[in-house]
There are 2 protein chains.
Amino acid sequence: MAAKRSDARGKRPQRISEWLQPVHEPRSEPPLSRDRIVVTAVELLDAQGVDGLTMRRLADRLGSGVMSLYWHVDNKEDVFDLALDSVLEYRGPQQIAQDWRGEVVHMLEDWRASMLRHPWSASLLPRRALGPNILSRLELLSKTLSRAGVADADVNVAIWSLWNYVMGATITRASFDLSDDDRAAAQQRLTRLSERYPTIERSRLLLDNDWDGAFRKGLGFLLDGLSPR
Amino acid sequence: MAAKRSDARGKRPQRISEWLQPVHEPRSEPPLSRDRIVVTAVELLDAQGVDGLTMRRLADRLGSGVMSLYWHVDNKEDVFDLALDSVLEYRGPQQIAQDWRGEVVHMLEDWRASMLRHPWSASLLPRRALGPNILSRLELLSKTLSRAGVADADVNVAIWSLWNYVMGATITRASFDLSDDDRAAAQQRLTRLSERYPTIERSRLLLDNDWDGAFRKGLGFLLDGLSPR
DNA sequence: ACCTGAACACCGTTCAAGT
DNA sequence: ACCTGAACACCGTTCAAGT
């Protein structure tokens with residue numbers, strides 16, 4: 001089953017404005033570029049997952065030959081690096097002047113949400129370098145914690161703790177969400193083995209669906225531990 | 001460069017006991033089994049990394065045809081699942097009767113250490129199911145936290161928070177550790193961009209090498225936040 | 001400067017068959 | 001019950017060549 005592409009030029013009635021736009025070969029694809037490759041890679045990853053991204057499929061979507069990609073991009077790893085970072089841009093909070101805790105929570109929840117919108121990003125993260133968008137978030141975190149009064153000796157540990165928490169939570173959430181088949185299988189295995197894991201069976205550790213709530217609450221605990229004084 | 005296999009029967013002088021053992025074809029490999037496959041898969045992963053594990057290479061090491069593996073194992077995903085869980089067995093603390101905090105810290109540090117001994121396990125985790133050894137650790141965590149007096153409503157959140165922290169820390173540590181080339185490249189990129197990330201450049205966030213210390217300290221902060229009362 | 005097709009050295013897995 | 005080889009439908013990337 002091939003993924004459907006919505007064609008913006010599809011059946012839309014002609015409007016006058018279109019007469020005024022420059023007429024460049026209406027049917028031909030725009031020229032290849034690093035940006036187009038990254039955007040299309042993200043589309044493909046969204047549609048087909050990590051294993052679905054193939055240099056050949058990517059070239060197909062772009063209407064080019066496979067080897068043309070290699071002029072703009074080093075190799076497949078490079079595509080992964082670029083796709084991952086492209087998905088992690090942070091535009092900041094809507095209203096300014098919150099307290100430091102609110103600022104941190106907002107940025108980290110946005111981080112998690114951005115990755116969950118592209119579940120492949122979570123499973124990709126472990127083997128990738130830190131791109132500019134990731135570094136910007138770490139920079140912001142660092143500034144905010146310093147201003148909040150966290151001791152200099154503790155700031156880096158605090159940043160990594162928050163990073164660890166967000167990455168662990170997001171990766172876990174994304175992989176638990178893979179398919180209904182997987183969920184059913186996991187559930188079945190657990191009940192089958194319930195006598196070996198009585199405590200987590202009783203507390204329904206693996207069946208709790210309030211991921212967002214758990215994330216926020218756990219983050220609260222961690223910030224309690226990190227708060228100055 | 002092929003990985004060397006140590007042959008247990010190598011140059012060892014013959015001992016009398018060997019005369020007493022049943023004589024079955026001395027040179028032939030033992031029969032294929034799920035266990036042998038998993039053990040060999042872990043060896044191969046240790047030696048070549050995630051991308052190095054190939055059904056064909058695995059069969060080579062086992063001295064069998066590729067398709068023979070498929071009698072014992074569903075597919076490659078299955079091999080990954082089994083290899084991952086096999087590496088996460090927990091044997092408990094050496095001396096008993098610590099306080100709950102010591103018990104939790106010991107188990108989580110052992111968890112991290114086990115994964116870092118097999119760096120591929122960290123990058124594999126995001127897409128894998130929870131095997132029995134992982135579930136046992138969660139069970140232990142649950143029991144310990146309950147006994148420590150963490151409120152029932154908070155136990156699951158506490159478990160996932162600790163899980164998130166350990167997974168995030170371990171995955172990050174394992175991927176930063178990949179190669180000297182990568183490190184050099186990252187360092188270079190950061191200094192090149194130092195004017196864009198002044199705070200984390202000044203605090204040397206990415207250059208701090210005390211991973212073990214940071215892990216322990218951050219875990220302490222998190223446990224502070226999670227402690228009852 | 002940018003794009004291409006053919007070719008190479010691989011993959012995982014199906015299938016029909018062997019013992 | 002356990003193992004096998006041939007074949008299929010793919011991969012990523014090198015290379016030498018085109019414009």
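Every heavy atom of this structure was used, including side-chain atoms; hydrogens, water molecules and symmetry mates were not. Here is the naming used below: chain letters follow the sequence lines, and residue numbers restart at 1 for every chain.
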**Study point:** Whole-Å gap separating P (D:dC10) and NZ (B:K76)
**Key:** 18 Å
Review point. For DNA chain C, what is the dot-bracket line, given that a base pair needs Watson-Crick (N1 to N3, plus N6-O4 or O6-N4) or G-U wobble (N1-O2 and O6-N3) geometry with both distances under 3.5 Å, and | means paired with another strand?
Key: ||.|||||...|||||.||
Practice item. Could you measure between the two C1' atoms, the one in D:dC2 and the one in C:dA17, and give it in whole Å? Key: 13 Å
Check your understanding: Should A:L130 and A:R137 count as side-chain neighbours, where that means a heavy-atom distance under 4.5 Å?
Key -> no
Point to revise | Side chain proximity check, A:S121 to A:M115, heavy atoms < 4.5 angstrom | key: yes
Review point. So, B:W160 and A:D208: side-chain donor and acceptor under 3.5 Å apart, yes or no?
Key: no
Exercise for review: From the options D:dG12, C:dT4, D:dC2, select the nucleotide whose nearest atom is closest to the side chain of B:W71.
Suggested key: D:dC2
**Study point:** Beyond-backbone contact of B:K76 with B:L58, side-chain heavy atoms, under 4.5 angstrom
**Key:** no
Check your understanding: Below 4.5 Å, heavy atoms only, C-beta onward: do A:L53 and A:W120 meet side chain to side chain?
Key -> no
Exercise for review: Verify the contact: side-chain N or O of B:H72 to OP1 or OP2 of D:dA1, cut-off strictly under 4.0 Å; return yes or no.
Suggested key: no
Practice item. Using the P atom on both, measure D:dA9 against C:dA9 and round to a whole Å. Key: 22 Å
Review point. To the nearest Å, how far apart are A:R34 CZ and C:dA1 C1'?
Key: 16 Å
Practice item. Tell me whether the OP1 or OP2 atom of C:dT4 has a side-chain N or O from A:S68 closer than 4.0 Å. Key: yes
Point to revise | Euclidean distance, atom CG of residue A:L69 to atom P of C:dG5 [Å, nearest integer] | key: 12 Å
Check your understanding: Hey, is the side chain of A:T54 poking within less than 4.0 Å of OP1 or OP2 on D:dC11, counting only N and O atoms?
Key -> yes
Study note, to complete from the structure: Which of D:dA7, D:dC2, D:dA6 is nearest the side chain of B:M67? It is D:dA6
Review point. What is the distance from CG of B:L58 to P of C:dG12, rounded to the nearest Å?
Key: 10 Å
Revision key, fill the gap. Between A:R56 and A:G63, whichever has its closest DNA chain C nucleotide further toward 5' is A:G63
**Study point:** Pair A:R128 + A:E77: basic N to acidic O under 4.0 Å
**Key:** yes
Point to revise | OP1 or OP2 of C:dC10 under 4.0 Å from side-chain N/O of B:R57 | key: no
Point to revise | Rounded distance (Å) that lies between atom C1' of C:dA9 and atom CE of A:M55 | key: 17 Å
Check your understanding: Given atom CG of A:D74 and atom P of D:dT13, what is their separation to the nearest angstrom?
Key -> 10 Å
Practice item. Find the distance B:Y70:OH to C:dG18:P and express it as a whole number of Å. Key: 22 Å
Point to revise | Min side-chain heavy-atom separation B:N164-A:M167 under 4.5 Å | key: no
**Study point:** Between C:dC2 (P) and A:L62 (CG): distance, integer Å
**Key:** 16 Å
